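Data first, discussion second: the structure below is written as structure tokens.
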Amino acid sequence: LALAALALAGCQSGGYTAKAPEPVVKSPDLAGKSPKELFPATNGTQWVFEASGGTESQEVTFRVENSQPQGNGTRFDLAIYNGEGQKTDTTRWLIDDRGIFQLAAQNGVAFDPPQLVLPFPIEPGKKFKYDGRGPAFERGRLATIKRESLVRGVEPVDAADGKTYEAVAVETASQVTHGNNRYAGGVTIWFAPNVGIVRFRESVMMVSSQQPAQRQTVLRLKSFSQKR
């Protein structure tokens with residue numbers, strides 16, 4: 001996941017502390033679910049998140065745009081808006097029988113090859129890797145990216161809408177290199193059936209700096225609306 005592109009600009013450190021779980025929103029058997037059910041992608045569908053990463057929290061909105069068929073799947077843009085309604089980024093995605101892929105971030109900087117985010121069928125414990133090029137943390141630049149991911153399985157996760165969802169958790173460790181700048185990062189994303197992303201957590205550290213500083217961003221679902 002673009003992992004830097006989805007991070008909230010200005011979030012420097014800290015993060016969300018989990019509360020006691022609310023009643024769980026039960027999910028059907030995930031074995032029969034398709035990638036499209038774990039990431040609804042019709043035009044106009046949107047997610048509003050409570051975003052935290054320090055002493056302040058703010059609102060971030062993801063909205064599906066330019067959704068269209070591609071092969072046996074769907075390609076779409078996921079536009080990102082800040083709390084003032086300004087578009088801050090556009091990322092591109094593909095969902096097909098193989099799983100959920102990210103194609104580009106930072107307003108069109110491509111992942112080469114496309115980055116697999118969640119493979120199908122869902123297999124708890126499944127590991128997969130990414131070795132390619134894509135957006136650097138310095139916007140508009142390319143970086144060498146190495147990632148190792150693990151499908152952790154179904155976990156209860158609380159959201160800012162007061163619900164707790166049973167969601168598929170995918171955890172990724174990253175090494176991103178651009179010139180002399182090297183970053184280490186970790187991302188966990190939770191996908192709930194018929195809703196999509198309900199929680200996103202990212203931490204990034206510039207390991208090539210003499211004084212490494214860690215940034216953490218947490219997005220928790222506040223509201224979801226799907227266009228049919």
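None of the values given here were measured: they were computed from a predicted structure.
Taking each heavy atom of Ala79 and Lys87 in turn, the nearest pair found is CB-CE, 3.9 Å. In terms of heavy-atom proximity, Gly132 sits nearest to Pro113 at CA-CD, 4.1 Å. Contact between Ala184 and Val207 at its shortest, heavy atoms only, is CB-CG1, 3.8 Å. Pairing each heavy atom of Phe120 with each of Ser34, the nearest pair is CE2-C, 3.5 Å. In terms of heavy atoms, Pro119 sits closest to Val151 at CD-CG2, 4.1 Å. The shortest heavy-atom contact between Gly134 and Phe111 is CA-CD2, 4.0 Å.
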Side chain to side chain contact (heavy atoms under 4.5 Å, CB included) between Arg182 and Val176, intermediate numbers included: CA-CA 6 Å; Arg182 292 184 295 110; Val176 179; over 6 Å; no
Show the numbers, then the answer: is there a side chain to side chain contact (heavy atoms under 4.5 Å, CB included) between Leu118 and Val168? CA-CA 9 Å; Leu118 177 61; Val168 179; 4.2 Å; yes
With side chain to side chain contact (heavy atoms under 4.5 Å, CB included) as the test, would you mind laying out the steps for Leu94 and Thr74 before giving the verdict? CA-CA 6 Å; Leu94 173 67; Thr74 302; 6.0 Å; no
Could you please spell out the steps behind the side chain to side chain contact (heavy atoms under 4.5 Å, CB included) verdict for Thr217 and Arg201? CA-CA 6 Å; Thr217 303; Arg201 183 177 65 212; over 6 Å; no
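With contacts defined as side-chain heavy-atom distances shorter than 4.5 Å, the pair Asn43/Lys227 does not qualify. Contact annotation: the side chain of Leu219 approaches that of Phe62 to within less than 4.5 Å [non-hydrogen atoms, C-beta and beyond]. By the 4.5 Å heavy-atom criterion applied to side chains, Gln175 and Thr177 are not counted as neighbours. Contact check for Asn107 versus Asp89: side-chain heavy atoms found under the 4.5 Å cut-off. The shortest side-chain heavy-atom distance between Phe191 and Val117 falls under the 4.5 Å cut-off. At a threshold of 4.5 Å between non-hydrogen side-chain atoms, the residues Val157 and Glu155 do not count as touching. At least one side-chain heavy atom of Val109 sits less than 4.5 Å from a side-chain heavy atom of Leu142. When side chains are defined from C-beta on, Ile80 does not count as touching Thr61, because their heavy atoms never get closer than 4.5 Å.
Note: the hydrophobic cluster containing Ile197 does not contain Val48 (ILVMFWY, side chain heavy atoms under 4.5 Å, direct or indirect links). Hydrophobic cluster membership is shared by Phe128 and Leu38, with clusters built from Ile, Leu, Val, Met, Phe, Trp and Tyr side chains linked at under 4.5 angstrom.
Summarising the geometry, atom NZ belonging to Lys129 is positioned 9.5 Å from atom NZ belonging to Lys146; distances are rounded to the nearest 0.5 Å. Note that CG of Leu116 and OG of Ser149 are 7.5 Å apart. Values are rounded to the nearest 0.5 Å. Within the model, atoms OG of Ser52 and CD of Gln58 stand 10.0 Å from one another, a figure rounded to the nearest 0.5 Å.
Residues passing the side chain to side chain donor-acceptor pair (under 3.5 Å) test with Gln86 are Asn82, sequence neighbours excluded. Contacts of Tyr130 classified as side chain to side chain donor-acceptor pair (under 3.5 Å), with partners at least two apart in sequence or in another chain: none.
By the 4.0 Å N-to-carboxylate-O rule, Arg133 lies too far from Asp112 to be salt-bridged with it. Using a cutoff of 4.0 Å between basic side-chain nitrogens and carboxylate oxygens, Lys222 and Asp161 are not scored as salt-bridged. One finds a salt bridge joining Glu171 and Arg152 here, because a Lys/Arg side-chain nitrogen approaches an Asp/Glu carboxylate oxygen to under 4.0 Å.
For Phe49 and Phe200, the ring centers sit 6.0 Å or farther from each other.
Remark: Glu148 CD is loosely packed, at most 12 non-hydrogen atoms of other residues, nucleotides or ligands lying under 6.0 Å away.
For Arg147 and Gln115, the side-chain atoms include at least one donor-acceptor pair closer than 3.5 Å. Side-chain contact, Thr188 with Trp190: no donor N or O sits under 3.5 Å from an acceptor N or O.
The aromatic rings of Phe39 and Trp47 sit perpendicular, their planes meeting at an angle over 60°, well past the 30° parallel limit.
Counting only distance, with no hydrogens or angles, the side chain of Thr91 and the backbone of Leu78 share a donor-acceptor pair below 3.5 Å. Panel note: side chain Arg199, backbone Asp158; a donor-acceptor pair is recorded below 3.5 Å. Although no hydrogens or angles enter the test, the distance criterion places a donor-acceptor pair under 3.5 Å between the side chain of Gln106 and the main chain of Ala136.
In this structure, Arg63 forms a cation-pi arrangement with Tyr81, its terminal cationic atom sitting closer than 6.0 Å to the ring centre and no more than 45° off the ring axis.
Tested against Phe76, the residues Asn66, Ile95, Leu103 include a single side chain to side chain contact (heavy atoms under 4.5 Å, CB included) partner, Ile95.
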